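Worksheet: the structure to be examined is printed underneath.
The structure presented is a predicted model; accordingly, all values stated were derived computationally and were not measured. The residues of the chain are indexed from 1 along the displayed sequence.
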Amino acid sequence: MIETFYPILFLVLFACFLALVMTGLSIFLGRRTRMGKKGQPYECGIDPEGSTKDPVPVKYFLVAISFILFDIEVIFLLPWAVVARDLGMFGFVAILTFVVVILVGYIYEIGKGALKWD
């Protein structure tokens, strides 16, 4: 049975080897320059403003949580769509309950104004 995992093991070992080779090549062949703005953070070509201690708006986290929520919904909906006929009415009611819960969360977000970029 362990023979069935050899391709996965080979893939993981090859990926690790390739990552090490690329890192080694960049260390040995890359130029090392430590001048002026090289060590400063890069923000889309604009000089950084403020400090790293500035508070992050709560809306940023709400949008991030919304993205994760709907991303997870898609992760659960795709496998269900593949086996929807085999699950029958039980599967339909289960996924309908799941979608209704997600929809209630979405309506709550809209009501709280979490998706408005003022």
Handout entry: Cluster check Ile27, Val21: I/L/V/M/F/W/Y, side chain < 4.5 angstrom
Key = no
Problem - Close side-chain approach of Tyr106 to Phe70, heavy-atom, < 4.5 Å - result: yes
Practice task
Look up atom CD1 in Ile107 and atom CD1 in Ile102, then write down how far apart they are to the nearest 0.5 Å.
Solution key: 12.0 Å
Exercise for the section: State the CG-CG distance between Leu20 and Leu25, to the nearest 0.5 angstrom. Expected result: 11.0 Å
Handout entry: Asp71 CG to Ser66 OG distance, which is reported to the nearest 0.5 Å
Key = 12.0 Å
Practice task
Please answer: with hydrophobic residues joined when any side-chain heavy atoms are less than 4.5 Å apart, are Leu78 and Trp80 in the same cluster?
Solution key: no
Practice task
Please tell me if the side chains of Glu73 and Leu69 come closer than 4.5 Å, counting only heavy atoms from C-beta onward.
Solution key: no
Handout entry: Any side-chain heavy-atom pair of Phe92 and Leu87 under 4.5 Å
Key = no
Exercise for the section: Please report the closest heavy-atom contact between Thr23 and Ala19, naming both atoms and the distance. Expected result: OG1-O, 2.8 Å
Handout entry: same_hphob_cluster(Ile65, Phe98) at 4.5 Å side-chain heavy-atom cutoff
Key = no
Practice task
Quick one: sort the Phe17 and Phe14 rings into parallel, tilted or perpendicular, breaks at 30° and 60°.
Solution key: tilted
Exercise for the section: Identify whether Leu11 and Tyr6 are in the same connected component of the hydrophobic contact network (ILVMFWY, side-chain heavy atoms under 4.5 Å). Expected result: no
Problem - Connected via hydrophobic side-chain network under 4.5 Å: Met89 and Leu96 - result: yes
Handout entry: Passing candidate, side chain to side chain contact (heavy atoms under 4.5 Å, CB included) with Thr97, options Val100, Val99, Val93, Ile95
Key = Val93
Problem - Contacts of Ile72 that satisfy side-chain contact (heavy atoms from CB on, under 4.5 Å) - sequence neighbours left out - result: Ile68, Phe76
